[in-house]
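Contents: one structure, followed by commentary.
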Amino acid sequence: GDSDGGSEDLVLTPAQLIRSLEQAWLNEKFAPELLESKPEIIECVVEQLDHMEANLKRSKKGDLKVSIHHMEIERIRYVLSSYLRCRLVKIEKFLPHVLEKEKSRAEGEPSILSPEEFAFAKEYMANTETYLKNVALKHMPPNLQKVSLLKSVPKPNLDCFVFLRVLERQENILVEPEMDEEREYTIDLEEGSQHLIRYKTIAPLVASGAVQLI
Amino acid sequence: RGSSSRSEAKSGRTDLIFLIRFRHCCLLRNQRCILAYLYDRLLRIRALRWEYGSVLPNTIQFHMSAEEVEWFNRYKKSLATYMRSVGGEEGLDLTQDIKPPKSLYIEVRCLRDYGEFEIDDGTTVLLKKNSQHFLPRWKCEQLIRQGVLEHILS
């Protein structure tokens with residue numbers, strides 16, 4: 001059956017919804033930094049899964065369709081779990097930077113953390129800071145008792161190279177030179193083409209959905 | 001100590017400045033090493049939650065300090081709160097479904113006595129050492145990771 005989507009502007013078919021989930025999942029897997037949170041997709045997928053499980057419970061046992069639907073549920077659940085796990089790993093890894101970015105976010109800018117992720121990140125930060133303070137820092141000389149995790153924890157490497165496929169044609173993308181002798185140049189990205197390019201150059205295109213990381 | 005040499009430097013003994021800076025660098029390096037060591041241990045303990053589940057084997061707990069156990073318990077709780085908030089009424093257990101599903105049921109062999117194990121439709125299976133079973137994959141994941149069951153690949 002069709003799912004309602006839950007958002008006011010768009011009604012997605014289940015196939016489109018799963019496609020969006022897979023796109024978000026792949027982007028998150030291959031991007032070096034934490035991407036925008038997609039609460040609408042997650043909410044809809046969970047609803048869809050509940051719907052499918054309820055259908056399963058009602059249907060006859062031993063029906064071939066039951067196995068196939070069950071398999072589909074498992075598949076979708078795997079993608080959703082993998083997506084959320086990927087985000088948690090990045091949140092934990094880049095903790096002070098993620099929290100800083102969220103705190104200094106301007107009004108109207110999309111959030112990179114869902115409220116639940118934000119709560120988790122703050123708890124993890126407090127937990128770790130308390131631990132380090134009690135086990136080591138408070139025993140150190142007075143001027144060494146504070147440590148800035150923001151300075152010590154490495155930032156995500158935005159200069160790494162990523163593979164992408166172009167979904168919407170883009171013109172005049174400015175590419176920075178590798179070596180000092182080269183000058184910066186612009187390229188056009190044709191729809192359907194695939195590229196290996198520095199993440200920093202195309203980061204806004206990932207956010208807007210113009211390209212898909214692969 | 002640090003503060004006394006700093007006050008001597010303030011009183012004009014410039015020859016001590018280099019000594020102070022050198023000493024400060026050493027202290028900073030030591031601080032960094034200590035924190036790196038402790039932080040690395042925390043990362044391994046964090047990985048334990050995802051590997052073993054919420055109850056750690058005694059042999060491992062024995063190697064953890066009291067503060068590390070407390071960190072682990074708080075992390076566990078934080079993670080549980082997050083997972084519960086995600087997937088509808090029951091939440092979504094993110095420590096399951098680590099690998100893409102290949103089939104619904106898998107052949108497993110029991111590596112040690114575990115006792116009774118309940119599967120979805122209410123039936124129970126007795127897991128005795130060396131017994132083999134054909135069970136739903138998602139139910140076995142945790143037990144396979146804990147070393148109770150072994151996935152038999154044909």
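Each chain gets a letter, A, B and so on, in the order its sequence line appears, and its residues count up from 1. What you see is a predicted model, and the numbers here were worked out from it, not measured in a lab.
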Contact summary for [X] and [Y], nearest pair of heavy atoms:
X	Y	answer
B/Tyr39	A/Glu92	OH-O, 4.1 Å
B/Val86	A/Val46	O-CG2, 3.9 Å
A/Leu144	B/Gln31	O-NE2, 2.7 Å

Could you name the residues of residues 120-128 of chain A that have a heavy atom within less than 4.5 Å of a heavy atom in chain B?
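Result: A/Phe120, A/Glu123, A/Tyr124, A/Asn127, A/Thr128.
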
Considering only heavy atoms, which portion of [X] lies under 4.5 Å from any heavy atom of chain A: side chain, backbone, both, or neither?
X	answer
B/Arg32	neither
B/Ser78	both
B/Leu43	side chain
B/Tyr75	both
B/Ile34	side chain

Show your reasoning for whether side chain to side chain contact (heavy atoms under 4.5 Å, CB included) applies to B/Glu70 and A/Tyr131.
CA-CA 9 Å; B/Glu70 203 184 309; A/Tyr131 169 80; over 6 Å; no

Give, as side chain, backbone, both or neither, the part of A/Leu49 having an atom under 4.5 angstrom from any heavy atom of chain B.
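Neither part.
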
Within a 6.0 Å radius of atom [atom1] on [X], are there more than 12 heavy atoms belonging to other residues, nucleotides or ligands?
X	atom1	result
B/Asp40	CG	yes
A/Arg169	CZ	yes
B/Lys76	NZ	yes
B/Phe117	CZ	yes
B/Tyr105	OH	no

Gap separating the CG atom of A/Leu84 from the CE atom of B/Met83, nearest 0.5 angstrom
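It is 11.0 Å, given to the nearest 0.5 Å.
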
Within the 4.5 Å heavy-atom criterion, are B/Trp71 and A/Leu132 side-chain neighbours or not?
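Contact flag for B/Trp71/A/Leu132 side chains = no.
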
Quick one, A/Leu88 and B/Leu79 - any side-chain contact, counting heavy atoms below 4.5 Å?
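Yes, close enough: below the 4.5 Å cut-off.
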
Counting distance only, does the side-chain N/O of A/Arg85 pair as donor-acceptor with the main-chain N or O of B/Leu94 below 3.5 Å?
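Confirmed, A/Arg85 side chain pairs with B/Leu94 backbone.
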
Max heavy-atom pair count under 4.5 Å with chain A, selected residue of B/Asp93, B/Leu38, B/Thr95:
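Looking at each of B/Asp93, B/Leu38, B/Thr95 in turn, B/Leu38 comes out on top.
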
